[in-house]
Amino acid sequence: MSTAVPDKPALEGLEDKWRERWETDGTYAFDRTKTREQIYSVDTPPPTVSGHLHPGSMWSYTHTDFMVRFKRMSGWEVFYPMGWDDNGLNIERRTQINYGVICDPSLPYVENFEPPAKAPKDPIPVSRPNFVELCTRLVEDFEIEFERLWRTIGLSVDWKYLYRTISPDVTRVSQAAFLQLVDRGDAFRVEAPTLWDVDFQTSLAQADLEDREMAGAYHKVMFSDIAIETTRPELIPACVALVAHPDDERYKARVGTTVRSPLFNVEVPVLAHELAEPDKGSGIAMICTFGDQTDVTWWRELNLPVRPIMGRNGRLLPVEWDDPEVQARYDTIAGRNAKQAQRLIVEMLRESGDLVGDPKPISHAVKFWENGKSPLEIITTRQWFIKFPSKDALLKRTGELQFHPEFMRVRLENWIEGLQGDWNITRQRFFGVPFPVWYPLDADRQVDWETPIPATPDMLPVDPSTVAAPGYTEDQRNQPGGFVGDPDVMDTWATSSLSPEFVSGYLRDDDLFARVFPMDLRPQGQDIIRTWLFYTLVRGEMQFGGLPFTHANISGFVTDPDRKKLSKSAANADDSPFGLIEKHGADSVRYWASGAKPGRDATIDPNEFKIGRRLAMKVLNASRFALSFGEADDDAPVTEPVDLALLQSLSRTIEEASRAFEAYDYTTARAATETFFWSFCDDYLELVKTRAYGEGDQPASATASARRTLRIALGVQLRLLAPVLCFVTEEVWSWFNDGSVHRAGWPTTAELSEWAGSDANVLVQAAHVLGAVRRAKTEAKVGMKTPVARAVVRGTADDVAATEAARADLMAAGVIAELDVAEGEPS
RNA sequence: GGGCGUAUGGCACAGCUGGUUAGCGCGCAGCCUUCACACGGCUGAGGUCACAGGUUCGAGUCCUGUUACGCCCACCA
C-alpha cells in the first residue's frame, strides 16, 4: 500500500488528470463477457443535436451517472452507452436558421456549396443533398461539443458504444423493424386527414402538438335561416354540413333538411351527432374539411364528402365554382393565408348581411406544432401509419414498469387514455431515415400507392431516392412502367423509439443483445413521456410483446434563479454548462445535481455549487490529515470505545446510503454520507488526533487503533461519496490504494461486521461534551486550544459510562486538565 | 373540464408507516487565527410547519375543504 499524500492538495487540475486516466485505463469499459444477470444496462437518452446543451441536460444526465456508478460499484457490470439523436425536424429547423437556407428538392445538387458566413434574411433555396450535407455538418459540430461536456462532467460512459440515429447501423434496424410491421399489416399507408404544419409543410403526429392560448373571435353567420357561430369563417367554402345534438329541441325539426352556405351558396345537410354541444355557441356547428379534430370525427362518422380548400403551404387552393359570382368571391381569397382570407370573408359576410352583429372576441386554445409558428391545419394526405397496440395492452405494460418517482406513471396513463387514431410516422422532410419502399408506375406514369415494393433485407440500409427498387434498374426511375422511391422520411421518434433495441445490438449483434436486453434503466425527462417513453413501450410491445426496460427514472427540470424554466436560448454564458463547470468545478456541479430527487425540479443556485466545492475541499484536507499520522497496521485491533463507536455509526450510514441508492434516491444517500462526513471531521478527528499522533501517555495499541480506524473510515466514506464526487474521491483514493475507487466495491456493513454491536452512543456523548466545552470557550471569548482546568459532566448512568469511555480522548481534544464525571442533573 | 406535484425560519431543503423542547445547509450575528483545512473552525439567534375544519390521548405527519404556484391530460365549433 503506497502512501503519496501531497503537501498542499488542490482541486485544480485534478479533474483533467483523472478524466485522462479513466480513458487510458478503460475504467468504465463494458465487459461483454458477462451475462444478462450480471449486467445492469442503461437506455441512455440520445440528446437531440439541435443546439447547445443547457444546464438542465447536464443535471439530469448526471443523475443517471450517480445510479450507474452506484450499480457498478455494487458489482454489476454496467452497460452505459451514449448516443446522439441527429435526425428530425428540430435539426432541420436549426439548420435553416443557422445557415439561412431552405430545402427545395426540385433543385440540382451544387458541388461545394458554402452558405454565407452570416445567415441572410431571405433563405437561400438549396437542393436536398446540399441541405442534408448542411444538417450533417451542423450535428457534427454539436456532437463534438456534447461529447466534450459529458466527459467534462464525468459521465462514466463507455464511449466505444457511442451511436448516432442517422448512422447506417441504426438506419438499418429502423428500416428493418418498419418492414416487419409492414409485413404484419401493423404499418400501412393510407390517405387520410392529417395534422399539418404549413410552414414546415409536413404532417405531424398527435404527440408533436401543443396548445397555445390565442385571441380569436366568434362570428355569427347565417346558413339560410340558421345562425351558426364559428371562429374560422374563412372555412365556410369548405363547409360540408351543419351539425346539432340529436336531443336539441331547437334543431330537431331541421335535421334531415338542407341549408345554403352564405357567399358560396352550397347546399349542405343539417345533421345530428352526439358530439355537438348545445350550449356552445348557437348549439349548431358547421363541419368543414377540415377545421379541427372534431370535424374529422364528424366527417368520418357521418360519411361526409371532402371539400378541400387548404393547401399544403397554408394558402387557400384554387377551386372551381359553377356560379361566376361565387367564383369571383372565392378568387379574392384564393392564394391567401388563413388570416388574410378570414379578414376578406368577414368583409364579404358583412356586406352580404350574413354576418350577425360584430365578432365576439374570445381567447381559445389552438393546436400548434411544438416548434411551429402557425396554427396547424388538417389536410388530407397519404401517410404511413403505425397501428398502436390496444390501449389496454399499453396500460398493462405501463403498470409493469417501475417509475421513479411513482407519480410520473399517471402522466403516461393519461396520454395513453387520450390517444386518438394511429401513429403517423411520415414526415415530408429531408434529414431522416427514409422509408425503404418504392411504388410502381403504370404506363401513364401514375403512381400505384397501394402496392409498395419493400426493400429486401440485404439491401438495408437503403435510400430509395438513390437506389433502384428490387427487380428494377435505375434507368426505370420515373419512367412509364418503372418506379418511384418513397419521397418521405420517418418521424425521428419512429427511430429513437427503438433505442433499447439498437443499442443492445438487435439485428446486428445477437450475442450482445442476449446479454443486455431487456434493459434495466430508462432515464429521461418528463417532457418526453408522451413521445420517447410512450413510443418505446409501443415498439417493445409490437416487437417483443414486453417491456424494453424495467425502471424508468424521470427527471424534473431546472429553473433559473428567477424560477423560470430554462430554455436553450435563454441560458446566458455564465450559466452555460461549461461556464458552470469552469467556475465551480465538475464535482461541485455534480453535487448540485445530486440535491434533487428524481422527478423534482431544481434551481441553479450558486450557493449549492459553493457547498459542493467546500465539501470537495474538505475531502482533500481531511483525508490528507487522516493519512498523516503514519502508516497504519492493517492487523492492528480496533480497541478504543470512540473508534468502535465511529465504525458502528459508519455502518449505519452505509445501510442508509445503500437503501436510498437502491430506491433510486441518490439525494438521500448523499445527504446521509455528507452528514456523517462532517461529524467525522468536526468531532471524531478532533477527538482522536492527539491519540493518533501517538502523543501523551496513550498506549501504542490505542494509537494503532485510531490510525486503523481512520483508514477504514476514510476508505468507506470515499466509496460512499464516489458516485457524486467522482473526481476528488478518485484522487484521494489513489493516495493509499491501487486501482480506481470507481471499480472498488460499494461498502457493505459486512466489512465492518468485526466491530458490530459497538456502542455508537460513546461518540454521540463525546461530541456532546466537546460541544459544551467549545461553547464555554466561545462564551469566554478564548481560543479552542485554551486549556481547561476542570470540566464537570453530569448526566444519566448511560451518559456517565459513555463519557468515561471517551475520557482520554475528551481530555486531549478539549485540553482539559481535570474531567469530573458523575451522575446527576445537567446544569 | 379531469389529474399530478409543491406549499416548513430571509433563501434552498429534510422530516419514513402520526409520539417528548420541528431538523440540516446557506445567509445573518458573535467568537477563534495560522501545529489538516481562511476555498477555514467554533458558538449562537431565527419557524403559530399556506389557510379552515375534522379524526386522535397526541398531527408538519392522517381525512375533508379552500387558496397560491408549477406541470400533465382533454374532440377548445
Side-chain angles (χ1 to χ4, degrees), chain A residues 5 7-12 211 213-214 216 218-219 228-232 235 242-243 274-277 280-288 291-298 362-367 405-420 526-527 529-530 556-557 559 561 563-565 584-585 588 595-597 599-603 605-608 610-611 613-629 659 667-668 671-672 674-675 678 681-682 685-686 689 693 770-786:
Chain A
V5 185
D7 287 338
K8 259 291 184 196
L11 294 171
E12 282 63 36
D211 286 350
E213 203 62 30
M214 299 272 291
Y218 274 126
H219 301 76
I228 61 107
E229 291 196 60
T230 178
T231 56
R232 301 202 61 185
L235 293 180
L242 299 191
V243 65
E274 302 279 342
L275 278 181
E277 293 181 35
K280 199 170 276 180
S282 58
I284 188 161
M286 70 169 180
I287 302 173
C288 305
D292 63 19
Q293 303 255 32
T294 322
D295 281 345
V296 177
T297 308
W298 280 327
I362 55 157
S363 169
H364 63 152
V366 178
K367 298 236 179 273
E406 173 59 32
F407 67 74
M408 288 293 179
R409 178 190 306 282
V410 70
R411 300 205 181 184
L412 181 56
E413 288 171 345
N414 280 353
W415 176 253
I416 292 170
E417 282 156 6
L419 280 178
Q420 292 177 57
Q526 56 182 322
D527 51 330
I529 289 175
R530 56 146 81 173
F557 55 76
T559 62
R563 287 270 154 194
K564 284 193 219 86
K565 193 176 171 180
H584 305 284
S588 304
K597 290 184 184 184
R600 301 292 292 268
D601 302 341
T603 309
D605 184 356
N607 216 13
E608 286 295 310
K610 219 178 85 187
I611 300 164
R613 190 176 171 85
R614 197 173 63 123
L615 177 62
M617 275 305 297
K618 194 75 174 179
V619 167
L620 281 182
N621 284 314
S623 301
R624 178 182 156 233
F625 187 48
L627 296 171
S628 69
F629 303 111
R659 202 184 316 117
T667 299
T668 299
E674 193 182 10
T675 302
W678 282 108
C681 293
D682 295 344
L685 274 175
E686 290 301 321
K689 64 182 181 188
Y693 271 128
L770 191 57
V773 172
R774 285 167 178 159
R775 196 175 309 121
K777 290 182 180 179
T778 297
E779 279 163 13
K781 303 195 175 191
V782 297
M784 288 300 139
K785 289 186 173 113
T786 309

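Please read all numbers here as calculations on a predicted model, not as lab measurements. Lettering of chains follows the sequences in order, A, B, ..., and the numbering in each one begins at 1.
Rounded to a whole Å, the CD1 atom of A/Ile287 is 17 Å from the P atom of B/C75. A straight line from CG of A/Leu620 to C1' of B/C39 spans 11 Å, rounded to a whole angstrom. In this structure, CG of A/Asn414 is placed 9 Å from C1' of B/A74, rounded to the nearest angstrom. Residue A/Asp527 contributes atom CG, which lies 18 Å from atom P of B/G70 at whole-angstrom precision. Across the protein-nucleic acid pair, A/Arg409 atom CZ and B/G5 atom P stand 13 Å apart, rounded to whole Å. Atom-to-atom, CD of A/Glu277 to P of B/A74 comes out at 16 Å; the value is rounded to the nearest Å. Atom C1' of nucleotide B/C76 and atom CD of A/Glu229 are separated by 15 Å, given to the nearest angstrom. Atom CD of A/Glu608 is separated from atom P of B/A12 by 11 Å (rounded to the nearest Å).
Side-chain contact annotation: A/Glu213 with A/Ser363, donor-acceptor N/O pair under 3.5 Å present.
Classification of A/Glu12 and A/Arg613 as a salt-bridged pair holds, one side-chain N sitting under 4.0 Å from a carboxylate O.
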Protein-to-nucleotide contact annotation, 5' to 3' order, nucleotides 33-38 of chain B [B base; S sugar-phosphate only; - none; under 4.0 Å, heavy atom]: --BBBS

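Contact between the side-chain N/O atoms of A/Lys597 and the OP1/OP2 oxygens of B/G15 is found at a separation under 4.0 Å. The side chain of A/Gln526 contributes no N or O atom lying less than 4.0 Å from OP1 or OP2 of B/C72. Side-chain nitrogen and oxygen atoms of A/His364 include at least one within less than 4.0 Å of the OP1 or OP2 phosphate oxygen of B/A77.
Taking 4.5 Å as the limit, every side-chain heavy atom of A/Arg775 sits out of range of all side-chain heavy atoms of A/Thr778. With contacts defined as side-chain heavy-atom distances shorter than 4.5 Å, the pair A/Asn621/A/Pro9 qualifies. At least one side-chain heavy atom of A/Thr297 sits less than 4.5 Å from a side-chain heavy atom of A/Leu275.
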Between protein and nucleic acid, restricted to nucleotides 43-46 of chain B and to nitrogen or oxygen atoms under 3.5 Å apart, what atom pairs and distances do you find?
| from | atom 1 | to | atom 2 | distance (Å) |
| --- | --- | --- | --- | --- |
| B/U43 | O3' | A/Arg775 | NE | 3.3 |
| B/G44 | OP1 | A/Arg775 | NE | 2.9 |

Enumerate all atom pairs, one protein N or O and one N or O from nucleotides 7-10 of chain B, separated by less than 3.5 Å.
none

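Taken to the nearest 0.5 Å, the CD atom of A/Glu608 stands 9.5 Å off from the OG1 atom of A/Thr603.
Contacts of A/Ala626 with the nucleic acid, taken as non-hydrogen atoms under 4.0 Å apart, are absent. Residue-level contact check: A/Thr230 touches the backbone only, with heavy atoms under 4.0 Å from sugar-phosphate atoms and none from bases. Here A/Ile611 lies in heavy-atom contact (under 4.0 Å) with sugar-phosphate atoms only. Among the atoms of the strands shown, only primed sugar atoms or phosphate atoms (P, OP1, OP2) are found under 4.0 Å from some heavy atom of A/Lys610. At a threshold of 4.0 angstrom between heavy atoms, the contacts of A/Lys781 are confined to the sugar-phosphate backbone, with no base atom among them.
Screening A/His364, A/Met214, A/His219 against A/Thr231 for a side-chain contact (heavy atoms from CB on, under 4.5 Å) leaves a single residue, A/His364. Under the side-chain contact (heavy atoms from CB on, under 4.5 Å) test applied with A/Met286, the options A/Asp295, A/Thr230, A/Val243 reduce to a single match, A/Thr230.
Annotation: of the two residues near RNA chain B, A/Lys280 and A/Arg411, the 5′-most nearest-nucleotide partner is A/Arg411.
With C1' as the reference atom, B/G2 and B/G18 are 31 Å apart, rounded to whole Å. On the C1' atoms, B/G60 is 8 Å away from B/G15, given to the nearest whole Å. If you take atom C1' in B/G27 and the same atom in B/C63, they sit 38 Å apart, rounded to whole Å. Nucleotides B/C28 and B/U66 place their P atoms 42 Å apart, quoted to the nearest Å. Here the separation of B/G46 from B/C26, taken at their C1' atoms, is 14 Å to the nearest Å. As rounded to the nearest Å, B/G19 and B/C31 have C1' atoms that lie 38 Å from one another. Atom name C1', nucleotides B/U56 and B/U64: the rounded distance is 16 Å, in whole Å. Spacing of C1' atoms, B/U6 relative to B/A12, comes out at 14 Å, to the nearest Å.
Listed by chain and number, the residues in a ring pair (Phe, Tyr, Trp, His ring centres under 6.0 Å) with A/Tyr218 amount to none (sequence neighbours excluded). By the side-chain contact (heavy atoms from CB on, under 4.5 Å) test, A/Glu277 is found to be paired with A/Asp279, A/Lys280, residues two or more places apart in sequence or in another chain being considered.
Consecutive Watson-Crick or G-U pairing (both distances under 3.5 Å) extending over three or more pairs maps onto RNA chain B as B:1-7 with B:67-73, B:28-32 with B:40-44, B:50-54 with B:62-66.
No hydrogens or angles were tested; on distance alone, a donor-acceptor pair under 3.5 Å links the side chain of A/Asp211 to the base of B/C76. For a distance-only test at 3.5 Å, the side chain of A/Arg614 fails to qualify as a donor-acceptor partner of the base of B/C39.
B/G46 shows a glycosidic angle within 90° of 0 and is accordingly assigned syn.
Cation-pi contact between A/Arg614 and A/Trp678: present, with separation from the ring centre below 6.0 Å and deviation from the ring axis of at most 45°.
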